[in-house]
Amino acid sequence: MFSPGTKRPNQSRRKDRIQPQTPLDSPSTPLAENRRSRHDIAAVPDRPSTGTPAPWAPRLSVLARIPTASKSERGDEVDPIKPVFVGEFPQAVRDEQTSILSKRVPGDACVSGGMDKEACLSWIICRDRLFVWDHLSSAASNKCIVLELPSNVRENGAIGMGFYHGNSWMLIVVNWDGGARQTSKGIQRNTSAGIVLCNQKTRDVVYWPNISEGVTTPVTSLASFDEQELTSSPVDGKTTPNSQRQGSKARSSFVGSSSFNSLIASAVPATQKTCVALACSSDGDLWQFYCSPTGVHRKQVCHDILSVSSQGSDSGQLAGSKGYPRSLIWASSGFSMKELNRQFFLLTDHEIQCFNVKLCHDLNVSKLWCHEIVSTDGDSGIKKDLAGQKRIWPLDVQVDDHGKEITILVATFCKDRVSSSSYTQYSLLTMQYKSGMNIHSDVLDRVLEKKAPIQVIIPKARVEDEEFLFSMRLRVGGKPSGSAIILSGDGTATVSHYYRNSTRLYQFDLPYDAGKVLDASVLPSTDDGEDGAWVVLTEKAGVWAIPEKAVVLGGVEPPERSLSRKGSSNERSVQEERRNLTFAGNIPPRKVSSDTWDAGDRQKAILTGVSRRTAQDEESEALLGHLFHDFLFSGLVDSSFEKLQNSGAFERDGETSVFARTSKSIVDTLAKHWTTTRGAEILSMVSTQLVDKQQKHNRFLQFLALSKCHEELCSRQRHSLQIILEHGEKLAGMIQLRELQNVISQNRSTGVGTPHSHPDIHISGALWDLIQLVGERTRRNTVLLMDRDNAEVFYSKVSDLEEVFYCLDRQLQYIVSVEQPHGIQIQRACEISNACVSIVRTAMHYKNEHYMWYPPPEGLTPWYSQPMVRNGMWSIASFMLQLFKEIPSVKSDLYAHLEALAEVLLEAYTGAITARVERGEEHKGLLNEYYNRRDALMDILYQQVKGSALDDHQDINVTVEGKNEEILRKLSASLLSIAKRHEGYKTMWEICCDLDDSELLRNLMHESMGPRGGFCQFVFKQLYENRQFSKLLRLGEEFPEELSIFLKYHRDLLWLHDAFLHQFTSASETLHVLALSGDDSISAAEDGEDTHVNPEPTLADRKRLLNLAKIAAMAGKDADSETKVKRIEADTKILKLQEEIMNVLHADEVKQVIGGPLARPEELIELCLNSENAELALRVFDVFAWTSSSFRASHRNLLEECWKNAANQDDWGQLYQASVTEGWSDEETLQQLRDTVLFQASSRCYGPNAETIDDGFDEVLPLRQENLETQVLKDSNSSVEAILMQHKDFPYAGKLMLTAIMLGSERDGDDNASAFAGDSPTPME
């Protein structure tokens, strides 16, 4: 394709070189339609007569590219810059191709083909048959669908009529499950898919609604005669550059014909197998096809798009020319079946147009916006009218998977003004949406902008005719990231990659007997969301992949026009390119085998630079391999340790260690390509391979021990040594898995345990499907393994055994489907569960047998305790749990498999938690996950045990007492053992309760005494919740330490325990705290009398506890027991005050203020102050009296407010006027003042009979100012007198106010006062 332009004298020499011709009947000779005459070849200079043109790299035979069985096991001969063979055509395609050659079909019987990126399907049309298959599956598992083209289409002339590029058919796969991409697709997994097939020239449309259901009868829509009318006039009346060069050559141009150029299709939501297809034609029309199982309805949506879009624009370079519009593409690949609107782009000669289609029965296509990409403004796209620029062809457009970048392939015809030579420049234009632009609305302004400057692929290439230019197609999305592949009609595929500030080209190169490249696609996205490598579909050689490393290392700079291919200054040798790129990127200059491309998430491709290896690493690994090789033959380890130590072999730890890499290469060695017919023979072949690996790995361990390397690794590289031994674990697990598969195959072949029969029953099953799924995932992640069988890859990549559990976690629905009958679900779930248990148990058994080889385990996490493995086992376990919930009566084998799976899963969690604790890492989240999954498993398992025990008891039909308990004890024995190891206390408690076995309960409590009490604490908690307090305390006598820990958090029982131990002082303190606590719930002390626990103790409950506390304090007879009794009595009086306050106020109002049944003293005081009640204004002083002196000191401001409130309760102005008017005597004054609140408050706080706790009120707030020192006089609230002096009536009634407080404090000073004192209120009892 992208061959450089050369000087014309080279034509003659080229003609001389191509004179020898292959005989016409040679099998390797292409069909007549696929090869051009000698005159046509000479007309285009330097066009090779055979093979795809690869001017900068030598061509090899296609047979040499396909790996053979003679290659070494490690595959070191694989050239990293060469394409990799992925898979052969299905046998049905090969048979059809052989039939075509044997019948010597005329040369116009072309082969059309393509690849669908979303569905991962390839298709080929040979004569009147359409072949569709999954190109990701191995040849053995390829299920090819063969569809016959309808006879009316053949009669219409579609068959045998092809373009210059030999691909006159366009095919779209419609996924009925939704347009979003999936990671695992294919015909065997894609449950529903339709096909729309359209002939570019005849415009006939064939529609298969669902190829997966075996419905091969399509519906067709034939174009009318007017639509098929062709023209042979020149494109635009101008003479093309190629026509100038060819002189008077006359030919018909397909570019000028009214043919379809592009086709897209989308499913219509809320319909049955209905889709809409859109096609653009070279005469400027846009057509829509409504395809349903009943028929295809076609309609012309828009006519003469070019003339409409050219109106009002200054672009006239191709206005009205034929061959446009060129391409249709959806604006976004992701599509939900719930969306009714979808946008698509249409590429014309100078702009991109955006349309919206409403996906319904009445299709509505409307234009949203257009963006001019060829104009005089270079910022909007491509700038035209530059010096030497003659014409610009936008050839194809593609959109990335995210719908954010638009890439356009552009060809520009130029003429050098100095040399007058003509050339073509190929470029890639990348556009993106402007920030903040709404692409779904009708806008007239520019929507797009350049993401980067135009990337020139080839600055000066030879001139091609329009027919060749319009045959080019663009594909984007493959690796390396940002690369694109250009397909041309002559069968070439070239990858363009912008690498280190320059464009580099890699051309897919196969000999001519491989045929043309029909199409290219990208491997599906992996877990990190990135697309895979490029894959190409050839005409005769199957499917090939282009590794990312091949593009980077094998790409070269575009050749210069002025020099020949071999003599170009830019044409360095392939070896030189690889050497320069290798050292520049710090990549070791060595050939890459399949072993170096690790699958999965643990190691990315070498190109990403995630783990760079130095020359020292390479030398150390090579030295280790040499020493081990000598050891295998001689058994000697002469100075191996010293040599390895001097080479720096012990400097890296983990997977990058040379010892770990060597161990990995042993267990991951790829065998020679299997020549068997797959199936059951694979199991017998892989057995020998795995045993050989195990023997070699054991020899490697012996080498490490004898050479003293094991000792060094154990002390310095614990992680590396663990990885090496884990390789042995995985190898043993893989051997066990192979034995399990062998047993399953034998049982299925003999019909044991299989209710159905099938020709492939000996290899079918859940485990075999899982092996295929894991092998396919590894093949996708490692391009160099694409030519291997899925099972071969699975059994070879032993170190990737974790992928089994990854696929269970992410893709279990492909192995065990909820749509299958329950019996099949149970059978397949048990098969997968048994496989998981076998793998992990075998690994644990290997570790137990070789425990002397292992390094100290502190902080090291076993591979089967990694999140990937745990989640995989939990995925199948949760599926089995769901089966138990859905099916009332489940077979016992499902229970047995789930119990075994639960055991290994919980052991895996234990290993992970232990490692995290030892490393000092956060493990709370992991613990919670472990607890939740443990409880879920244990609950379901024990429910099944009880159900089975009940069923067995009913079956034996006996009435012997205790028979049911015996059955339950027998069935629950294994589950009880698991529960003991993993602290499944709930299950242990339920078993003991159902068996009514107190002795078993005590034994379990003694055996499960953990650091926090273990099972004892759980039992105490259950007895406490069941209000079996006496049983709890009696049982606690046998476990005094655990009971004391439990009672610290349950003080409502602690006082009982203390009283039982005659610790009355401690019991009194506990009761006192309980009575005044607002957190703990108070429960009845009597066993079983009250079946309800009151979460909010009443005041009566609290007074009862205070009375008990008083009794216990008196019984304690301590030195300070009298003080404790007084404090308890004071708190009792405060509770009585609260009751009186609640009687005065509404109870609801009190609860709303204090927020609960028990109020703090300050809350009671504020409640009384806010009530504006004279009686409550006096009660606040009682509250202060029964609290401590520290409380009065800390709430002095509140005490001052209480005195102010007391002064406001009486009308002192009126009292003063009455005393003046009536002329009160002393006796009358005393009689009037003793009824005031001030008098009573003074008597309560400062009177001779005042009762308080600790010090009196004088210590906090004195009554008179003369009792204060000088420095305190400045304080306006330093005494009760000072507070009263601030009262509004004090200037004229102050004498009465002071008299009231003084008489109150000295009310028993004389007779009148004594008489008065007898009537005054006394403190509350």
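Residues: numbered from 1 along the sequence shown.
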When you compare the side chain of [Y] with that of [X], does any pair of heavy atoms fall below 4.5 Å?
X    : Y    : answer
K273 : P293 : yes
L197 : L149 : yes
I486 : S496 : yes
H350 : T348 : yes
Y426 : L469 : yes
W123 : L537 : no
W534 : F508 : no
T412 : W393 : no

Hey, could you give me the [atom1]/[atom2] distance between [X] and [Y], rounded to the nearest 0.5 Å?
X    : Y    : atom1 : atom2 : result
S427 : I454 : OG    : CD1   : 6.0 Å
L359 : E339 : CG    : CD    : 9.0 Å
S327 : R473 : OG    : CZ    : 11.0 Å
S262 : I329 : OG    : CD1   : 7.0 Å
Y207 : T274 : OH    : OG1   : 6.0 Å
F345 : I408 : CZ    : CD1   : 9.5 Å

Passes side-chain contact (heavy atoms from CB on, under 4.5 Å), I352 versus C354? Steps please.
CA-CA 7 Å; I352 294 179; C354 180; 5.9 Å; no
Kindly indicate, with the supporting measurements, whether the criterion side-chain contact (heavy atoms from CB on, under 4.5 Å) is fulfilled by V205 and R298.
CA-CA 9 Å; V205 175; R298 66 173 62 212; 4.0 Å; yes
Donor-acceptor contact below 3.5 Å, side chain [X] vs main chain [Y]:
X    : Y    : value
R203 : F260 : no
W176 : P209 : yes
D204 : A223 : yes
D396 : L474 : yes
Y290 : K299 : no
R342 : S332 : yes

Looking only at heavy atoms, which two atoms of [X] and [Y] are closest? And how far apart?
X    : Y    : value
T294 : V219 : C-CG1, 4.3 Å
D349 : Y324 : N-CD2, 3.4 Å
R129 : V146 : CD-CG1, 4.1 Å
M115 : S122 : CE-OG, 3.6 Å
A484 : L428 : CB-CD1, 4.0 Å
Q398 : R475 : NE2-NH1, 4.0 Å

Has K358 got more than 12 heavy atoms of other residues, nucleotides or ligands less than 6.0 Å from its NZ?
no
Just say parallel, tilted or perpendicular for the rings of F344 and F355, cut-offs at 30° and 60°.
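Plane angle under 30°, so parallel.
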Can you name the one residue among V174, L130, V196, I145 that meets side-chain contact (heavy atoms from CB on, under 4.5 Å) with W208?
L130
Run the side-chain contact (heavy atoms from CB on, under 4.5 Å) check on S521 and D519 step by step: do they pass?
CA-CA 7 Å; S521 184; D519 202 356; over 6 Å; no
Please walk me through it: do V522 and I485 pass side-chain contact (heavy atoms from CB on, under 4.5 Å)?
CA-CA 10 Å; V522 178; I485 193 168; over 6 Å; no
